[in-house]
K.L.:
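Quick one: structure below, then a few questions.
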Amino acid sequence: MAIYKRALGVCVLLLGSAFPACAFTFSYGNLFDVSQVKNENGAVMLPLANGKYRNIKLLSKDVWQFIKQCRQDCTYEVTGADFTCTDYRKAATREGMMIAEVEFNGEIQLTFLVFKNKEGFSVKFPADVQFWDRKLAAQVRRRLQELAAQIL
């Protein structure tokens, strides 16, 4: 009897590992991609930086509903590329670092880190976000550097 229980346990383990929760890439128009998005039982799971920092936030119910229905790579169509720096502050834990929240079209918020260095300021984009619109990425970088020059 014990051998059957063991065999059943092995089968369950193998089947569970054969069908893992699949991550997909969500494209926000042709502006940027967010990789490692998961949809587990109707819950949208956005990637966390270092397993704990929420650098990507959904602000729009429409975008959330769209991603909720995705099971594989999908693209949410957008018409414009407006961004606003909604919050920026010195990091409490590290000298010469600024944390900035940037909203895109009032639908998605990304967290950027800005570091003061010898050459000026360097901007670290969220790890799971790949910008395709180079002009937009340059505008965001330039704006964050301007803000960092004011507060760092």
Side-chain angles (χ1 to χ4, degrees), residues 13-152:
L13 180 65
L14 288 175
L15 285 175
S17 64
F19 301 106
C22 294
F24 59 91
T25 298
F26 162 70
S27 298
Y28 187 65
N30 60 353
L31 304 179
F32 56 82
D33 290 349
V34 178
S35 60
Q36 300 302 316
V37 177
K38 295 179 183 174
N39 192 336
E40 296 178 358
N41 300 324
V44 176
M45 307 292 285
L46 296 171
L48 299 175
N50 297 333
K52 60 182 176 180
Y53 298 111
R54 192 175 308 270
N55 290 338
I56 304 160
K57 298 175 186 162
L58 301 178
L59 305 176
S60 164
K61 187 173 182 176
D62 292 339
V63 175
W64 180 79
Q65 290 285 4
F66 178 82
I67 295 176
K68 187 177 174 182
Q69 298 187 16
C70 294
R71 298 288 179 252
Q72 58 188 6
D73 294 356
C74 56
T75 302
Y76 183 81
E77 295 301 323
V78 293
T79 55
D82 295 325
F83 72 92
T84 306
C85 299
T86 56
D87 183 32
Y88 51 94
R89 62 199 177 279
K90 287 182 182 181
T93 57
R94 182 172 172 178
E95 185 67 30
M97 182 172 117
M98 180 181 83
I99 302 168
E101 308 287 342
V102 180
E103 285 184 15
F104 294 88
N105 299 327
E107 296 178 318
I108 295 180
Q109 179 178 303
L110 302 178
T111 302
F112 294 81
L113 302 177
V114 183
F115 298 94
K116 186 174 186 176
N117 56 37
K118 295 175 192 171
E119 293 82 35
F121 299 97
S122 63
V123 178
K124 184 173 180 345
F125 285 65
D128 293 302
V129 176
Q130 172 69 44
F131 271 78
W132 296 111
D133 187 329
R134 298 290 178 213
K135 182 178 176 185
L136 176 64
Q139 290 172 341
V140 170
R141 180 177 283 111
R142 193 168 32 256
R143 179 67 182 133
L144 292 176
Q145 290 171 338
E146 291 169 359
L147 292 172
Q150 293 173 7
I151 69 166
L152 291 180

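In this chain, residues are counted from 1 in sequence order. Note that this is a predicted model, so its numbers are computed, not measured.
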K.L.:
Looking only at heavy atoms, which two atoms of Thr111 and Pro126 are closest? And how far apart?
P.N.:
O-CG, 3.2 Å
K.L.:
How many angstroms lie between NZ in Lys116 and CE in Met98, if you round to the nearest 0.5 Å?
P.N.:
12.5 Å
K.L.:
To the nearest 0.5 angstrom, please state how far the CG atom of Asn30 sits from the OG1 atom of Thr75.
P.N.:
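Taking CG in Asn30 and OG1 in Thr75, the distance rounds to 9.5 Å.
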K.L.:
Which residue is it: Phe125, Tyr53, Tyr88? I am looking for the one with a ring-ring contact (aromatic ring centres under 6.0 Å, His included) to Phe112.
P.N.:
Phe125
K.L.:
Within a strict 4.5 Å, meaning less than it, do heavy atoms of the Arg142 and Glu146 side chains meet?
P.N.:
yes
K.L.:
Within the 4.5 Å heavy-atom criterion, are Glu107 and Leu59 side-chain neighbours or not?
P.N.:
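Of all side-chain heavy-atom pairs linking Leu59 with Glu107, none is under 4.5 Å.
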K.L.:
Answer yes or no: is there a donor N or O on one side and an acceptor on the other, between the side chain of Ser60 and the main chain of Asp62, under 3.5 Å?
P.N.:
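Checking the backbone N and O of Asp62 against the side chain of Ser60, a donor-acceptor pair under 3.5 Å is found.
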K.L.:
Is it the case that over 12 heavy atoms from other parts of the model lie below 6.0 angstrom from the CG atom of Asn117?
P.N.:
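Counting other residues, nucleotides and ligands, CG of Asn117 exceeds 12 neighbours.
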K.L.:
May I ask you to decide if Lys135's main-chain N or O and Asp133's side chain share a donor-acceptor pair within less than 3.5 Å?
P.N.:
yes
K.L.:
Within this structure, what is the CZ-OG distance for the pair Arg141 and Ser122, rounded to the nearest 0.5 Å?
P.N.:
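If I round to the nearest 0.5 Å, the distance is 9.5 Å.
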K.L.:
Show your reasoning for whether side chain to side chain contact (heavy atoms under 4.5 Å, CB included) applies to Glu101 and Arg89.
P.N.:
CA-CA 9 Å; Glu101 308 287 342; Arg89 62 199 177 279; 4.1 Å; yes
K.L.:
Can you give me the closest heavy-atom contact between Asn39 and Ile67, atom names plus distance?
P.N.:
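Result for this residue pair: ND2-O, 3.5 Å.
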K.L.:
For the pair Phe131 and Leu136, evaluate side chain to side chain contact (heavy atoms under 4.5 Å, CB included) and give the outcome as yes or no after the intermediate values.
P.N.:
CA-CA 8 Å; Phe131 271 78; Leu136 176 64; 3.9 Å; yes
K.L.:
List the atom of Gln36, the atom of Ala23, and the distance in Å for their closest heavy-atom pair.
P.N.:
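Result for this residue pair: OE1-CB, 3.6 Å.
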K.L.:
Less than 6.0 Å separating the ring centroids of Phe121 and Phe115?
P.N.:
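That pair fails the under 6.0 Å test.
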K.L.:
What I'd like to find out is whether the side chain of Pro47 reaches to under 4.5 Å of the side chain of Val34, using heavy atoms alone.
P.N.:
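Side chain of Pro47 against side chain of Val34, heavy atoms only: contact under 4.5 Å found.
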K.L.:
To the closest 0.5 Å, what do you measure between CH2 (Trp64) and CD (Gln69)?
P.N.:
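These two atoms lie 9.5 Å from each other.
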K.L.:
Step through the shown structure and confirm whether more than 12 heavy atoms of other residues, nucleotides or ligands are within 6.0 Å of CD on Gln150.
P.N.:
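Correct, the count exceeds 12.
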K.L.:
What are the two closest heavy atoms between Phe26 and Ile108, and how far apart are they?
P.N.:
CE2-CD1, 3.7 Å
K.L.:
For the backbone of Phe24 and the side chain of Asp73, can you confirm whether one donor and one acceptor N or O come within less than 3.5 Å of each other?
P.N.:
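No; zero donor-acceptor contacts below 3.5 Å.
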K.L.:
Measuring from atom CG of Asp33 to atom CG of Asp128, what distance do you get when rounded to the nearest 0.5 angstrom?
P.N.:
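If we round to the nearest 0.5 Å, Asp33:CG and Asp128:CG are 11.5 Å apart.
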K.L.:
Determine whether the aromatic ring centres of residues Tyr28 and Phe104 are separated by less than 6.0 angstrom.
P.N.:
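No: the rings miss the under 6.0 Å criterion.
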K.L.:
Only counting residues at least two apart or in another chain, list the ones meeting side-chain contact (heavy atoms from CB on, under 4.5 Å) with Leu48.
P.N.:
Arg54
K.L.:
Measure the shortest side-chain to side-chain distance between Ile99 and Leu113 over non-hydrogen atoms and say whether it is less than 4.5 angstrom.
P.N.:
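Sidechains of Leu113 and Ile99: in contact.
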K.L.:
With sequence neighbours left out, write down each residue that passes salt bridge (Lys or Arg N to Asp or Glu O under 4.0 Å) with Asp82, or none if nothing qualifies.
P.N.:
none
K.L.:
Please examine the side chains of Leu144 and Cys85, heavy atoms only from C-beta on, and report whether any two atoms are closer than 4.5 Å.
P.N.:
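Yes, at least one pair of side-chain atoms sits under 4.5 Å.
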K.L.:
Let me confirm one number: the CG-NZ distance from Leu46 to Lys38, rounded to the nearest 0.5 Å.
P.N.:
11.5 Å
K.L.:
Pair Val37, Thr25 - check side chain to side chain contact (heavy atoms under 4.5 Å, CB included), show working.
P.N.:
CA-CA 6 Å; Val37 177; Thr25 298; over 6 Å; no
